[in-house]
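These numbers were taken from a predicted model, which means no experiment stands behind them. Numbers for residues simply follow the sequence, beginning at 1.
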Amino acid sequence: RDPASDWSSDVCSSDLLESGRVIFAMALEPSDSLVVLRACSNPKVRLVCFPHSGGGPSAFAAWPELLEEHRVEVVAISAPGRERRIDTAPVDDWQELVSEICEALTVSGLVDDVPYAFLGHSFGAIVAFETAHRLDLELAPGQPRPIHLFASAHGAPDWAAKARITTALGPIHLLEEPELLDRKSVV
């Protein structure tokens with residue numbers, strides 16, 4: 001299968017600048033790890049979306065239509081063993097996944113073109129954070145970094161230590177069902 005066949009050639013309807021001139025952003029190089037859900041000839045920004053664990057690009061399939069008028073091009077991460085890459089062995093080491101994504105982002109040219117931001121959902125928020133951190137270490141000085149990182153369904157990196165809710169009976173994740181249902185114990 002040709003990875004380029006997954007890239008759409010549609011153009012955002014808002015492809016004219018105020019001056020009336022059409023300016024084309026660099027076309028990204030095809031990649032197994034990146035899916036441009038709908039190409040935009042003149043994006044203001046690219047939003048790189050990191051799906052939840054077990055998810056894939058289809059989690060963001062409706063987003064291009066919603067963001068098109070704002071000239072946001074949606075690019076989704078396609079992890080091994082998911083959706084269109086179901087025949088590829090899944091990666092069981094998140095650092096290996098981050099390395100693969102960083103390589104795809106740099107080889108594709110995404111990090112050298114229009115401004116880009118990351119959005120990660122659930123486990124994708126962790127992968128997005130770690131990818132941004134790794135890119136910050138690996139990119140040359142002056143090379144653009146993500147302009148923003150949006151995290152949904154996950155706390156901040158230091159959240160894990162704070163997340164252990166403790167009750168009068170101990171940590172909430174260790175309580176038995178009757179103790180969880182007893183509101184007095186949990187509050």
Fill in the blank from the handout: Correct closest heavy-atom pair for Glu73 and Cys40 would be OE2-N, 2.6 Å

Practice task
Give the minimum heavy-atom separation between His121 and Ala153, together with the two atoms involved.
Solution key: CE1-CB, 3.2 Å

Problem - Flag if over 12 foreign heavy atoms under 6.0 Å of CD, Glu103 - result: no

Handout entry: Contact check, side chains of Asn42 and Val114, non-hydrogen atoms, under 4.5 Å
Key = no

Practice task
Give, for atom CZ of Phe50 and atom CG of Leu149, the distance between the pair rounded to the nearest 0.5 Å.
Solution key: 8.0 Å

Exercise for the section: Under the side chain to side chain donor-acceptor pair (under 3.5 Å) rule, collect the residues that match up with Glu130, sequence neighbours excluded. Expected result: none

Exercise for the section: Decide yes or no for Phe118 and Leu105: does some side-chain heavy atom of the first lie under 4.5 Å from some side-chain heavy atom of the second? Expected result: yes

Exercise for the section: Check whether any side-chain heavy atom of Gln143 sits under 4.5 Å from a side-chain heavy atom of Asp112, and report yes or no. Expected result: yes

Exercise for the section: Go through Leu119 and Trp63 one step at a time and tell me if the side chain to side chain contact (heavy atoms under 4.5 Å, CB included) criterion holds. Expected result: CA-CA 12 Å; Leu119 177 137; Trp63 290 39; 3.9 Å; yes

Handout entry: Donor-acceptor contact below 3.5 Å, side chain Arg38 vs main chain Val36
Key = no

Handout entry: Backbone of Asp32 reached by a side-chain donor or acceptor of Arg84 within 3.5 Å
Key = yes

Practice task
Dump the intermediate steps for side chain to side chain contact (heavy atoms under 4.5 Å, CB included) on Leu97 and Thr131, then the final yes or no.
Solution key: CA-CA 9 Å; Leu97 179 61; Thr131 300; over 6 Å; no

Exercise for the section: Give, for atom OG of Ser33 and atom CD1 of Ile101, the distance between the pair rounded to the nearest 0.5 Å. Expected result: 7.0 Å

Handout entry: Qualifying residues under ring pair (Phe, Tyr, Trp, His ring centres under 6.0 Å), relative to His133, sequence neighbours excluded
Key = none

Problem - Leu37 and Pro57, any side-chain heavy atoms less than 4.5 Å apart - result: yes

Handout entry: Common cluster, Leu47/Ile147, ILVMFWY with side-chain heavy-atom separation under 4.5 Å
Key = yes

Problem - side chain to side chain contact (heavy atoms under 4.5 Å, CB included) between Ile77 and Leu34, intermediate numbers included - result: CA-CA 5 Å; Ile77 299 299; Leu34 304 176; 3.5 Å; yes

Handout entry: Sequence neighbours excluded - side-chain hydrogen bond (donor to acceptor under 3.5 Å, both in side chains) pairs with any residue from residues 52-61
Key = Ser58-Glu83

Completion exercise
Ile86 and Gly81 have their tightest heavy-atom pair at CD1-O, 3.2 Å

Practice task
Taking the side chain as every heavy atom from C-beta outward, state whether Ser99 and Arg134 have any atom pair closer than 4.5 Å.
Solution key: yes

Completion exercise
Looking only at heavy atoms, the pair that brings Ser122 and His154 closest together is O-CB, 3.7 Å

Problem - Arg46 side chain to Val75 backbone, donor-acceptor under 3.5 Å - result: no

Practice task
Decide whether Trp94 and Phe129 are clustered together by the hydrophobic rule: side chain heavy atoms of Ile, Leu, Val, Met, Phe, Trp, Tyr closer than 4.5 Å, transitively.
Solution key: yes

Practice task
Walk me through it: do Val74 and Cys49 pass the test side chain to side chain contact (heavy atoms under 4.5 Å, CB included)?
Solution key: CA-CA 7 Å; Val74 180; Cys49 300; 3.8 Å; yes

Exercise for the section: Would you name the heavy atoms of Pro43 and Ser41 that are closest together and state the gap between them? Expected result: CD-C, 3.6 Å

Problem - Neighbour count >12 (heavy atoms, 6.0 Å) for atom CG, Asp92 - result: no

Handout entry: Arg82 side-chain N/O to Gly56 backbone N/O, donor-acceptor pair under 3.5 Å
Key = no

Handout entry: Nearest non-hydrogen partners of Arg145 and Ala140, listed with the distance
Key = NH1-O, 3.0 Å

